[in-house]
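Written out below as structure tokens is the structure these notes cover.
As the structure is a computational prediction, the values presented were derived from the model and not from experiment. In what follows, residues are counted from 1 in the order of the sequence shown.
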Amino acid sequence: MPAPVSAPRPPDTEGAEALHRLVLASLDDDQAVDTISIPLAGKSTIADYMVIASGRSTRQVASMATKLVERIKAETGHVARIEGLPTADWVLIDGGDVIIHLFRPEVRSFYNLERMWAFGDTPAGAASA
């Protein structure tokens, strides 16, 4: 007898929102610069949010990324994938429902992901000091 087919799972909006809050709080704690959040739900299937932030140096970018991956694992049990840590000019963290880009300021301005992903909207920002 074939196994029953389960209905598609509804999106875990509460989990995505909790992860999004965790990411923003972690970056704020680590003094990220110019943090913005771009909502992707309904616009892209890759994630519900994209968060972009800068660090003042490669050392700060690497530290923020490492701490964020550890916090995601501790809070959610999910092991986030990370790319770009060895050079730390641009670190990409795939947190599942939230994609995080951490840059050195010069690299961020060169790639200008905010403009590419804004969909004509003004990105919802959470600027850090």
Side-chain angles (χ1 to χ4, degrees):
M1 174 179 258
V5 177
S6 61
R9 210 169 44 100
D12 180 13
T13 55
E14 288 181 21
E17 293 297 327
L19 178 59
H20 184 237
R21 286 189 303 271
L22 171 70
V23 168
L24 293 177
S26 179
L27 294 175
D28 187 51
D29 289 348
D30 291 337
Q31 300 178 1
V33 179
D34 297 327
T35 300
I36 68 157
S37 176
I38 301 171
L40 299 178
K43 298 174 183 174
S44 175
T45 58
I46 63 169
D48 289 343
Y49 291 97
M50 178 180 298
V51 175
I52 303 171
S54 297
R56 292 179 178 85
S57 65
T58 55
R59 180 178 289 176
Q60 185 186 14
V61 169
S63 175
M64 289 188 307
T66 302
K67 288 179 184 177
L68 183 53
V69 168
E70 290 169 359
R71 288 172 179 158
I72 290 171
K73 184 175 182 184
E75 291 289 323
T76 70
H78 175 74
V79 178
R81 295 185 318 171
I82 188 168
E83 297 285 335
L85 194 57
T87 57
D89 286 331
W90 175 2
V91 177
L92 170 66
I93 301 169
D94 181 353
D97 292 325
V98 180
I99 304 295
I100 305 102
H101 296 272
L102 302 176
F103 289 99
R104 279 189 314 105
E106 306 81 38
V107 178
R108 181 176 179 173
S109 65
F110 179 80
Y111 287 102
N112 199 3
L113 290 185
E114 294 92 326
R115 186 172 182 188
M116 183 185 321
W117 283 95
F119 300 104
D121 302 333
T122 302
S128 296

**OP:** Decide yes or no on side chain to side chain contact (heavy atoms under 4.5 Å, CB included) for H20 and D97, but give the supporting numbers first.
**Re:** CA-CA 8 Å; H20 184 237; D97 292 325; over 6 Å; no

Original post:
When rounded to the nearest 0.5 angstrom, what distance separates OG in S37 from CG in L27?
Top reply: 10.5 Å

Subject >> Over all atoms of both residues, closest heavy-atom pair of T76 and L19 >> reply: CG2-CD1, 4.4 Å

**OP:** Quick one: pull up CG in L24 and OG1 in T35 and give me the separation to the nearest 0.5 Å.
**Re:** 7.0 Å

Subject >> OH on Y49 to CZ on R21, rounded to 0.5 Å >> reply: 9.0 Å

With a 3.5 Å cut-off and sequence neighbours excluded, list the donor-acceptor pairs that the side chains of residues 60-73 form with protein atoms.
{"unit_1": "Q60", "atom_1": "OE1", "unit_2": "R56", "atom_2": "N", "d": "2.5"}
{"unit_1": "Q60", "atom_1": "NE2", "unit_2": "D30", "atom_2": "O", "d": "3.1"}
{"unit_1": "Q60", "atom_1": "NE2", "unit_2": "Q31", "atom_2": "O", "d": "3.0"}
{"unit_1": "T66", "atom_1": "OG1", "unit_2": "A62", "atom_2": "O", "d": "2.8"}
{"unit_1": "R71", "atom_1": "NH1", "unit_2": "S26", "atom_2": "O", "d": "3.4"}
{"unit_1": "R71", "atom_1": "NH1", "unit_2": "S26", "atom_2": "OG", "d": "2.5"}
{"unit_1": "R71", "atom_1": "NH1", "unit_2": "D30", "atom_2": "OD2", "d": "3.4"}

Original post:
Does the pair L92 and I99 meet the rule for a side chain to side chain contact (heavy atoms under 4.5 Å, CB included), with working shown?
Top reply: CA-CA 7 Å; L92 170 66; I99 304 295; 3.5 Å; yes

**OP:** Apply side chain to side chain donor-acceptor pair (under 3.5 Å) to R81 and list each qualifying residue two or more places apart in sequence or on a separate chain.
**Re:** D94

**OP:** For D34 and R108, run side chain to side chain contact (heavy atoms under 4.5 Å, CB included): C-alpha distance rounded to whole Å, both residues' side-chain angles, the deciding distance at 0.1 Å, then the answer.
**Re:** CA-CA 10 Å; D34 297 327; R108 181 176 179 173; 3.6 Å; yes

Original post:
Out of curiosity, I82 CD1 to I100 CD1, how far, rounded to the nearest 0.5 Å?
Top reply: 9.0 Å

**OP:** Determine, using the 4.5 Å side-chain heavy-atom cutoff (strictly less than), whether V79 and V23 are members of one ILVMFWY cluster.
**Re:** no

**OP:** Show your reasoning for whether side chain to side chain contact (heavy atoms under 4.5 Å, CB included) applies to V98 and D48.
**Re:** CA-CA 6 Å; V98 180; D48 289 343; 5.9 Å; no

Original post:
Does V51 reach the side chain of I93, with side-chain heavy atoms less than 4.5 Å apart?
Top reply: no

**OP:** Measure the shortest side-chain to side-chain distance between L113 and F103 over non-hydrogen atoms and say whether it is less than 4.5 angstrom.
**Re:** yes

Subject >> Shortest non-hydrogen separation from A53 to A32 and the atoms involved >> reply: CB-CB, 3.9 Å

Original post:
Can you say whether the rings of W90 and Y111 are parallel (under 30°), tilted (30 to 60°) or perpendicular (over 60°)?
Top reply: tilted

**OP:** Give, for atom CZ of R115 and atom OG of S109, the distance between the pair rounded to the nearest 0.5 Å.
**Re:** 13.0 Å

**OP:** Could you tell me the separation between the CD atom of E114 and the CE atom of M50, rounded to the nearest 0.5 Å?
**Re:** 10.0 Å

